[in-house]
Amino acid sequence: QVQLVESGGGLVQAGGSLRLSCAASGRTFNSYAMGWFRQAPGKEREFVAGISWNAGITHYATSMRGRFTISRDNAKNTVYLQMNSLKPEDTAVYYCAAESLGRVYSSPEEYDYWGQGTQVTVSS
């Protein structure tokens with residue numbers, strides 16, 4: 001079992017930055033791939049970024065590449081999402097998720113555990 005708790009969301013102006021954190025419980029955190037997803041009202045949950053168990057592989061959705069950076073600190077059981085140059089269309093609830101095989105997938109169905117989400121609102 002892995003429990004995930006996101007933090008760091010909030011209200012920011014367009015062009016600003018936020019760093020999201022996802023703290024994980026469980027001894028096997030460093031064997032899981034981790035992903036960030038987001039869901040805006042009335043829209044499906046979409047992939048944002050993913051990172052393999054050893055951070056050797058990262059993958060980004062096209063619209064986030066160059067603006068967002070995913071990283072992890074296995075010693076702290078934490079994964080991060082640094083978001084720069086934020087746009088109003090980035091407004092959503094952001095979720096972190098854990099995938100038990102250690103592989104990065106963009107489909108939410110591949111992930112085994114989910115956090116409760118943190119709201120990010122970008123004003124224009």
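Bear in mind the structure is a predicted one, so any value in this text is a computation, not a measurement.
The SG atom of Cys96 lies 12.5 Å from the CD1 atom of Ile51; values are rounded to the nearest 0.5 Å. With rounding to the nearest 0.5 angstrom, the NZ atom of Lys43 is 8.5 Å from the CD atom of Glu89. The CG atom of Leu81 sits 11.0 Å away from the CD atom of Glu6 when rounded to the nearest 0.5 Å. Rounding to the nearest 0.5 Å places OG of Ser63 at 7.5 Å from NZ of Lys87. Here OG1 of Thr69 is found 11.5 Å from CZ of Arg19. Values are rounded to the nearest 0.5 Å. Atom CG in Asn54 sits 11.5 Å away from atom OG in Ser31 (nearest 0.5 Å).
Cluster annotation: Phe37 and Tyr94 are assigned to distinct hydrophobic clusters (Ile/Leu/Val/Met/Phe/Trp/Tyr, side-chain heavy-atom contacts under 4.5 Å, transitive). Val93 is not connected to Val12 by any chain of hydrophobic side-chain contacts under 4.5 Å among Ile, Leu, Val, Met, Phe, Trp and Tyr, and they are in different clusters. Note on Val79 and Leu20: same hydrophobic cluster, where clusters join Ile, Leu, Val, Met, Phe, Trp and Tyr whose side-chain heavy atoms are under 4.5 Å apart, directly or indirectly. Tyr32 and Trp53 fall into different hydrophobic clusters, where Ile, Leu, Val, Met, Phe, Trp and Tyr residues are linked whenever their side-chain heavy atoms come under 4.5 Å apart, directly or through other members.
Within a 6.0 Å sphere centred on CG of Leu101, heavy atoms belonging to other residues, nucleotides or ligands number more than 12.
Side-chain contact between Val104 and Thr58 is absent, with no heavy atoms from C-beta onward closer than 4.5 Å. With contacts defined as side-chain heavy-atom distances shorter than 4.5 Å, the pair Asn74/Arg72 qualifies. In this structure, the side chains of Val120 and Met83 come closer than 4.5 Å at one or more pairs of heavy atoms.
Across all non-hydrogen atoms, the minimal contact from Ala97 to Tyr111 is CB-CD2, 3.6 Å. The heavy-atom pair separating Met34 from Ile70 by the smallest distance is O-CD1, 4.0 Å. Of all non-hydrogen atoms in Cys22 and Leu4, the two that sit nearest each other are SG-CB, 3.9 Å. Residue Phe29 comes nearest to Asp73 through the heavy atom pair CE2-O, 4.2 Å, listed as atom of the first residue, atom of the second, then distance. Between Ala14 and Ser124, the shortest heavy-atom distance links the atoms CB-CA, 4.4 Å.
The salt bridge (Lys or Arg N to Asp or Glu O under 4.0 Å) contacts involving residues 93-121 comprise nothing, where partners must be two or more places apart or lie in separate chains. Among residues at least two apart or in separate chains, ring pair (Phe, Tyr, Trp, His ring centres under 6.0 Å) pairs with a member in residues 57-87 are Phe47-His59.
In this structure, the side-chain hydrogen bond (donor to acceptor under 3.5 Å, both in side chains) partners of Thr121, at least two apart in sequence or on a different chain, are Gln119.
Checking each of Leu18, Leu11, Thr91 against Val122 for a side-chain contact (heavy atoms from CB on, under 4.5 Å) leaves exactly one that passes, namely Thr91.
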